[in-house]
There are 2 protein chains.
Amino acid sequence: MYGRRQERAQFFRHHGFRCTLPREVILDILYKTKSHLSAEDIYFKVHPIYPQIGLTTVYRTLDLLNKMELISRFDFGDGKARYELIKEGDTSHHHHLVCRKCNRVIDYTDFMKEETRFIKKIEEVLSKKHNFEIDSHKIHFQGLCSKCKSEGR
Amino acid sequence: MYGRRQERAQFFRHHGFRCTLPREVILDILYKTKSHLSAEDIYFKVHPIYPQIGLTTVYRTLDLLNKMELISRFDFGDGKARYELIKEGDTSHHHHLVCRKCNRVIDYTDFMKEETRFIKKIEEVLSKKHNFEIDSHKIHFQGLCSKCKSEGR
DNA sequence: AATGGTAATGAAAATCATTTTCATTAAGGA
DNA sequence: TCCTTAATGAAAATGATTTTCATTACCATT
Ligand SMILES: [Mn+2]
Ligand SMILES: [Mn+2]
Ligand SMILES: [Zn+2]
Ligand SMILES: [Zn+2]
């Protein structure tokens with residue numbers, strides 16, 4: 001889906017959208033870069049190669065990709081939204097440690113099996129109880145990263 | 001701590017801060033109101049009774065209460081931070097369902113025993129593995145609330 | 001391959017939550 | 001009561017995101 005241009009084009013059109021250069025480029029950046037990019041991060045990566053692509057379009061494209069569930073949007077509390085590609089096959093799902101001092105974000109995948117099982121059970125009960133259609137969840141731990149800890153809060 | 005003026009004053013001073021009218025008033029609002037209030041929500045509740053208290057002070061006070069760990073701050077993704085009092089005795093800890101359409105927030109306390117046990121185990125392992133000092137966690141589920149579901153996404 | 005209807009784009013302006021500035025006020029220890 | 005200085009409030013500044021609107025370029029159709 002991410003690798004081949006043809007596939008991406010198909011995917012956009014399948015959702016009723018056009019496959020445009022900005023959309024391809026931005027999706028590419030997300031594909032190649034680890035994670036937790038803000039709109040501005042992406043803009044600055046795109047700009048040297050495609051200076052005609054504007055920040056506005058980055059915002060719009062991120063919204064679109066998020067709605068198409070190709071990316072996840074996170075609000076870690078530093079005032080800017082961050083985005084991460086959802087890889088195929090659900091192998092990429094994970095949770096986060098967030099440093100409340102320097103805002104560093106650490107991915108972790110430990111316990112995913114157990115978390116998944118646990119989450120599934122909770123979802124089942126809560127969605128019935130509150131008649132709420134659950135489609136995703138977020139778990140994160142907050143505290144001090146090793147660097148900030150050693151620097152003394 | 002929240003009920004008696006004397007206690008609150010003690011608490012502020014104990015942390016090296018002065019006990020002022022705006023601080024008392026804002027803490028009172030948080031005490032009396034269920035939950036998930038934004039700075040502006042609080043400002044509008046305060047204003048009719050204390051019109052001299054400004055929005056700036058609300059922001060500053062919320063920061064302070066958050067640092068003193070009297071309240072929790074949440075970013076549910078609608079662009080404004082929301083706050084909730086942490087009740088004494090840790091009886092109030094809970095997690096959330098967030099509607100991605102209307103931003104409604106539902107508290108749930110089901111499974112807290114199991115979650116707490118599970119979270120504790122994860123914290124232990126992760127804090128060692130990443131040398132990360134974990135002090136809190138947030139769990140929330142996203143989806144469509146009953147109202148938005150019936151209205152058709 | 002050329003055409004046309006319209007979705008997508010980009011630059012600039014607008015919006016909105018939050019922060020900063022700075023002159024004034026008022027806690028609260030002496 | 002007095003004095004030091006933390007806290008406050010109004011206004012301005014900031015910074016992320018959204019809106020506006022004239023222009024561009026996908027892509028279904030010819
Ligand atoms: Mn991540
Ligand atoms: Mn809550
Ligand atoms: Zn850190
Ligand atoms: Zn809803």
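Chain letters run A, B, ... following the sequence lines, proteins first, then strands; residues in each count from 1.
A distance of 9.5 Å separates CD in Glu123(A) from OG1 in Thr116(A), rounded to the nearest 0.5 Å.
To the nearest angstrom, C1' of dC16(C) lies 16 Å from OH of Tyr43(B). Look at CG on Asp75(B): it is 12 Å from P on dT17(D), rounded to the nearest Å. Distance, Asn66(B) CG to dT19(C) P: 11 Å, rounded to whole Å. With rounding to whole Å, Leu55(A) atom CG is found 11 Å from dG10(C) atom P. If you measure from atom OH of Tyr50(A) to atom P of dG10(C), you get 13 Å, rounded to the nearest angstrom. Following rounding to the nearest Å, Leu65(A) (CG) and dA8(C) (P) show an atom-to-atom distance of 12 Å. Whole-Å rounding puts the His47(A) NE2 to dA11(C) P distance at 8 Å. In this structure, Glu40(A) atom CD and dT14(D) atom P are separated by 16 Å, rounded to whole Å.
Residues from residues 12-25 of chain A lying near DNA chain C, meaning a heavy-atom separation below 4.0 Å, are Phe17(A), Arg18(A), Thr20(A), Pro22(A), Arg23(A) in numerical order.
For the pair Tyr59(B) and dT18(C), the criterion of a side-chain N or O lying under 4.0 Å from OP1 or OP2 is met.
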Carefully, step by step, assess Asp41(B) and Lys80(B) under the rule salt bridge (Lys or Arg N to Asp or Glu O under 4.0 Å). CA-CA 11 Å; Asp41(B) 289 340; Lys80(B) 52 189 83 175; over 6 Å; no
Test log, rule ring pair (Phe, Tyr, Trp, His ring centres under 6.0 Å), inputs His140(A) and Phe74(A): CA-CA 11 Å; His140(A) 71 266; Phe74(A) 294 93; 8.5 Å; no
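Aromatic ring pairs are classed by plane angle as parallel below 30°, tilted from 30° to 60° and perpendicular above 60°; the pair Phe118(A) and Phe111(B) is perpendicular. By the 30° and 60° cut-offs, the orientation of the rings of His47(A) relative to Tyr43(A) is tilted.
Using a cutoff of 4.0 Å between basic side-chain nitrogens and carboxylate oxygens, Asp75(A) and Arg73(A) are scored as salt-bridged.
A continuous path of ILVMFWY side-chain contacts below 4.5 Å connects Ile106(A) to Ile119(B), so both sit in one hydrophobic cluster.
When each of Thr56(B) and Gln52(A) is assigned the nucleotide of DNA chain C bearing its nearest heavy atom, the one mapping closer to the 5' terminus is Gln52(A). For the pair Arg60(A) and Ala39(A), both in contact range of DNA chain D, the more 5′-proximal nearest nucleotide belongs to Ala39(A).
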